[in-house]
2 protein chains.
Amino acid sequence: MIVIDPYSPEPVYRQLARLLRDAIDRGEYGPGQMLPAEGRLAQIYEVGRDTVRDALDVLRSEGRVDTTRGARTRVRADQGKADFDLPSGGRVDGRMPTLDERERWGLRPGVPLLEITSRDGAKKVVPADRFTLVVPE
Amino acid sequence: MIVIDPYSPEPVYRQLARLLRDAIDRGEYGPGQMLPAEGRLAQIYEVGRDTVRDALDVLRSEGRVDTTRGARTRVRADQGKADFDLPSGGRVDGRMPTLDERERWGLRPGVPLLEITSRDGAKKVVPADRFTLVVPE
DNA sequence: TTATATTTGTCCGTATGTATG
DNA sequence: CCATACATACGGACAAATATA
């Protein structure tokens, strides 16, 4: 069963990212479940470990998996999202946090920030993986 | 002038990312302007090219710079944002696009998606670097 | 226009540190 | 304490795209 084609115009690390993402979507790796170790994946797909890391970087930046040093990469479990009531007449912008903001608020990779500006200029920032914004009736 | 400390608990690539981010914020590299080439940065700061790439990855994932193969890394210029009127009673979620969505819509790295769900279940997705959502009065 | 140099993208290897199990 | 596994950092090589002469 050949799955990775080194001669494809699609880079190997992207092919691998796609394979793993599809496997997650098919439920082969459920939420909270571990993927094979990086070295193991490198053996299985016959690629370098750096290529495996590039592929996992893609999934991390998409917010699909979490990696803990020493442990392995796990499929990110959906957290329950709370509602955030938007102020009428307010404005919403989305952006990625800086590294400092990530550490300060304990944000995982691939989680955007939602920036809500009220009419009086007051700003609130909430992580997109924990809140759904609700538009008033 | 020593700026990078290899013995610091802060990884070298993060120190370099911080240095470059601060230089951009100070205006040393203005919007649209080019940063030094990767190999040049490696020489200047006396680190490996891999480390420079890791630092630039940080800035790309924050949406601060854009890199074109063969050309160099440029400071991202703010695009004008259009208003998007939110439907009353609707809901807003933020997430990062997959690689496929990035290519399909020509999205640059570090740009979140804003997903608007109307009360009837219809969904609209807009890139966060081109739209500000407006809450109705 | 053509050819050359520059620059980034990808891929591989090795080594060491550090956290987990 | 030990083995495993990820994070960081160095290096080299070649391909592909851009910029320059």
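Letters A, B, ... are given to chains in the order of the sequence lines, protein chains preceding strands, and every chain is numbered from 1.
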To the nearest Å, give me how far apart CZ (B/R72) and P (C/dT6) are. 12 Å
Members of residues 104-111 of chain A that approach DNA chain C, where some heavy atom sits under 4.0 Å away: none
Between D/dT8 (C1') and B/L16 (CG): distance, integer Å: 14 Å
Between P on D/dT8 and CG on B/D57, what's the gap in Å once rounded to a whole number? 12 Å
A/L35 CG to D/dT4 P: how many Å, rounded? 20 Å
For B/R130, all residues meeting side-chain hydrogen bond (donor to acceptor under 3.5 Å, both in side chains), sequence neighbours excluded: none
Atom CZ of A/R74 to atom P of C/dT20: distance rounded to whole Å? 12 Å
Taking the basic N atoms (NZ, or NE/NH1/NH2) and the acidic carboxylate oxygens, is any pair closer than 4.0 Å for A/E62 and A/R76? no
Smallest heavy-atom separation, B/M96 atom then B/V111 atom, equals CE-O, 3.8 Å
Integer-rounded Å distance: D/dC6 C1' and A/L56 CG: 10 Å
Indicate for each nucleotide in nucleotides 10-16 of chain D, in 5' to 3' sequence, whether protein heavy atoms under 4.0 Å reach the base (B), only the sugar-phosphate (S), or nothing (-). BS-B--S
More than 12 non-hydrogen atoms from neighbouring residues, nucleotides or ligands closer than 6.0 Å to CD on B/E46, yes or no? no
Check this for me: does any side-chain nitrogen of one of B/D57 and B/R60 sit under 4.0 Å from a carboxylate oxygen of the other? yes
Between A/F84 and A/V125, is there shared hydrophobic-cluster membership here, with clusters defined by ILVMFWY side-chain heavy atoms closer than 4.5 Å? no
Could you give the CD-to-P distance, from B/E10 to D/dA7, as a whole number of Å? 17 Å
Is A/D93 paired with A/K123 through a side-chain N to carboxylate O contact shorter than 4.0 Å? no
Side chains of A/F131 and A/L114: closer than 4.5 Å at any heavy-atom pair? no
Atom-pair distance (CG on B/D66; P on C/dT7), nearest Å: 19 Å
